[in-house]
K.L.:
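First, the structure itself, so that you have it in front of you.
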Number of protein chains: 2
Amino acid sequence: MNIFIEYLTSISKLSNSAIHYINEYLSVEKIPKKQVFVQELSASKKLYFIKKGIVRAFFYNDGKEITDWFGIENMIIGATVRNFPIKNTRHSIETLEDTELVSVSFNDLEKLYQKHHDIERLGRLIAINTILFLQHKIDTQQLFSAKERYDEFVYKYPNLINRVPLGYIASYLGMNQVTLSRIRNQY
Amino acid sequence: MNIFIEYLTSISKLSNSAIHYINEYLSVEKIPKKQVFVQELSASKKLYFIKKGIVRAFFYNDGKEITDWFGIENMIIGATVRNFPIKNTRHSIETLEDTELVSVSFNDLEKLYQKHHDIERLGRLIAINTILFLQHKIDTQQLFSAKERYDEFVYKYPNLINRVPLGYIASYLGMNQVTLSRIRNQY
DNA sequence: CTTTCTTTTTAGCAAAAGCTAAAAAATCAA
DNA sequence: TTGATTTTTTAGCTTTTGCTAAAAAGAAAG
């Protein structure tokens, strides 16, 4: 789990007592490949951190499956996708490879926030990072062509291209799977 | 300024002492129409809340001006657009109508965060609201046609359509100004 | 190894949206 | 008001991306 604490402290300093407290509440879970381990994200009772592996978030629109987000090592599930009690969506999370997760229940997380000001601050800073990530996604969607979006994806996630089905990447990038195949073969 | 405090407490409860403290740090500014009052957002020293009026955030891409965000009453400037020391962009903020703002300097805001746990929590919750807003924008961009995006915009900002130049709205919605004009005249 | 199932590529055509430029309309200022 | 400036609409053509379906390639299972 220490990798999780390291991740957290890289975002914001934490007191020893906060670290100790967080550790108390963590568990580790191993999930095999191709398993939908969160059926409905907004109803999820836990927050997950990806220690190892690849996951994706997806939902259905017009009968079609849309991949919304890819999670790789050192990412929090639901920081980016809408893992908030506020909004009802139909997101599921699936492992694409064997995955190790660190989890905290939202109940416990709430306790952590309330007891430790520095953990609350950490939560705020994680949210701000998420905002930056999303804003960048909006920019690329709005200003980049399909090819440019793909190129950026390759740059950003060099490991994913050969490990994840093309169709998932296409829907993540907001384009047709056939279009992506063409782009990849440089027209 | 009380409208600002009301806005804040609608998001998260604040202790009386926190409210008192916040009030100490607020100022009010009036800006006339069509004035670029923040030249470079990421270098801005203050956070603004819109008490009255309309503003927009814009930047240049490929020599073209892109409107990124519209701010109306009861919005925080920079909660949505990237008003963080972290990321360098070239966003400016301009009033579209006579506008009244409440402002806090980031210096003071930092103090507020540090002194009051409940203000830090408020900051986290505002960030989460921003995340939801941005995720919705991503969805509409990715899944909606140009017409659908416009229809949603009309629904969401009924006041803006006749008060804001069409070109600004078009770039906000990620489409050509000519395309938007056609859509509006229902092809 | 084959066979089967899944994923990717290719082809051809259709639809959506972009671009340039000019005309029309609306707004602003003297 | 009237002339000037800005904004919006219209027209015609181009480009990009989408869609359906079928072929090819790859991966998985017996």
Side-chain angles (χ1 to χ4, degrees), chain A residues 32-36 54 56 58 60-67 70 94-98 137-154 157 159-187, chain B residues 32-36 54 56 58 60-67 70 94-98 137-154 157 159-187:
Chain A
K33 197 177 177 167
K34 288 204 181 185
Q35 189 167 315
V36 178
I54 303 179
R56 67 170 183 133
F58 65 97
Y60 291 91
N61 180 264
D62 252 14
K64 277 184 197 163
E65 200 188 270
I66 309 278
T67 293
F70 290 106
E94 177 188 35
T95 52
L96 299 176
E97 303 199 342
D98 295 353
K137 194 172 180 190
I138 291 172
D139 287 351
T140 54
Q141 268 183 212
Q142 213 162 63
L143 305 173
F144 285 17
S145 69
K147 170 152 180 49
E148 287 168 326
R149 273 176 278 150
Y150 176 69
D151 288 345
E152 169 172 277
F153 185 87
V154 171
Y157 301 102
N159 314 318
L160 292 192
I161 327 141
N162 298 312
R163 290 205 271 171
V164 166
L166 203 66
Y168 296 173
I169 297 175
S171 77
Y172 177 79
L173 294 174
M175 70 184 74
N176 198 286
Q177 197 252 36
V178 175
T179 301
L180 181 50
S181 175
R182 278 197 198 112
I183 284 168
R184 188 191 241 187
N185 294 283
Q186 38 250 322
Y187 269 51
Chain B
K33 199 176 174 165
K34 289 204 183 186
Q35 190 166 316
V36 178
I54 303 180
R56 67 169 182 132
F58 65 97
Y60 291 91
N61 180 264
D62 252 14
K64 278 184 195 163
E65 199 187 272
I66 310 278
T67 293
F70 291 106
E94 178 188 35
T95 53
L96 300 176
E97 304 199 342
D98 294 353
K137 195 172 179 190
I138 291 172
D139 287 350
T140 54
Q141 267 183 215
Q142 212 162 65
L143 306 173
F144 285 19
S145 68
K147 172 154 179 47
E148 288 169 325
R149 273 177 277 152
Y150 176 70
D151 288 345
E152 172 176 271
F153 185 86
V154 171
Y157 301 102
N159 313 319
L160 292 192
I161 327 140
N162 298 312
R163 290 203 270 170
V164 167
L166 203 66
Y168 296 173
I169 296 175
S171 77
Y172 177 79
L173 295 174
M175 70 183 77
N176 199 284
Q177 198 252 35
V178 175
T179 301
L180 181 50
S181 176
R182 280 197 197 112
I183 284 169
R184 189 189 240 186
N185 294 284
Q186 37 251 321
Y187 270 52

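Below, read A as the first sequence line, B as the second, and so on, with proteins coming before strands; counting in each chain starts at 1.
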K.L.:
Which nucleotide, dT17(D), dT9(C), dT8(D), lies nearest any side-chain atom of Gln177(A)?
P.N.:
dT9(C)
K.L.:
Polar pairs (N or O, both sides) under 3.5 Å between protein and nucleotides 10-13 of chain C?
P.N.:
from    : atom 1 : to        : atom 2 : distance (Å)
dG12(C) : O6     : Arg182(A) : NH2    : 2.4

K.L.:
Under a 4.5 Å cut-off applied to non-hydrogen side-chain atoms, are Ile183(B) and Met175(B) in contact?
P.N.:
yes
K.L.:
To the nearest 0.5 Å, tell me how far Asn159(B) CG sits from Ile54(B) CD1.
P.N.:
7.0 Å
K.L.:
Over how many whole Å does the gap from Gln141(B) atom CD to dA17(C) atom P extend?
P.N.:
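From Gln141(B) CD to dA17(C) P: 13 Å.
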K.L.:
Of Gln35(B), Lys33(B), Arg56(B), which is the lone residue that meets side chain to side chain donor-acceptor pair (under 3.5 Å) with Glu94(B)?
P.N.:
Arg56(B)
K.L.:
Would you say Asp151(B) and Phe144(B) make side-chain contact, with heavy atoms under 4.5 Å?
P.N.:
no
K.L.:
Distance check needed: dG18(D) C1' versus Gln142(B) CD, whole Å only.
P.N.:
15 Å
K.L.:
Using a heavy-atom cut-off of under 4.0 Å over every strand shown, decide if Lys147(A) touches base, sugar-phosphate, or nothing.
P.N.:
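Nothing, no heavy atom under 4.0 Å.
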K.L.:
Parallel under 30°, tilted from 30 to 60°, perpendicular over 60°: which one fits the rings of Phe70(A) and Tyr172(A)?
P.N.:
tilted
K.L.:
Mapping Arg149(B) and Lys33(B) onto DNA chain C by nearest heavy atom, which one lands closer to the 5' end?
P.N.:
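On the 5' side of the pair lies Arg149(B).
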K.L.:
Does Lys34(B) place a side-chain N or O at less than 4.0 Å from the phosphate oxygens OP1/OP2 of dC28(C)?
P.N.:
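Result: no.
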K.L.:
Quick one: are Arg163(B) and Leu96(B) in side-chain contact, heavy atoms under 4.5 Å?
P.N.:
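They are not in contact (no side-chain heavy atoms under 4.5 Å apart), so the answer is no.
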K.L.:
So, does Ser145(B) get its side chain near the phosphate of dA16(C), meaning an N or O under 4.0 Å from OP1 or OP2?
P.N.:
no
K.L.:
Heavy atom of residues 160-176 of chain A under 4.0 Å from DNA chain C: which residues?
P.N.:
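Hits under 4.0 Å, by residue number: Pro165(A), Leu166(A), Gly167(A).
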K.L.:
Can you measure Phe144(B) atom CZ to dT17(D) atom C1' for me and round it to whole angstrom units?
P.N.:
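About 19 Å, once rounded to whole Å.
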K.L.:
Any side-chain heavy atom of Leu160(B) sitting closer than 4.5 Å to one from Phe153(B)?
P.N.:
yes
K.L.:
Evaluate the side-chain proximity of Val36(A) to Phe58(A): yes if any heavy-atom separation is below 4.5 Å, no if none is.
P.N.:
yes
K.L.:
From CG of Leu143(A) over to C1' of dA17(C), roughly how many Å is that when rounded to an integer?
P.N.:
16 Å
K.L.:
Would you find a donor on one side and an acceptor on the other, under 3.5 Å apart, between the side chain of Thr140(A) and the backbone of Arg149(A)?
P.N.:
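No, Thr140(A) side chain to Arg149(A) backbone: no donor-acceptor pair under 3.5 Å.
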K.L.:
Round to the nearest Å and state the distance from Ile183(A) atom CD1 to dT17(D) atom C1'.
P.N.:
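Value for this atom pair: 9 Å.
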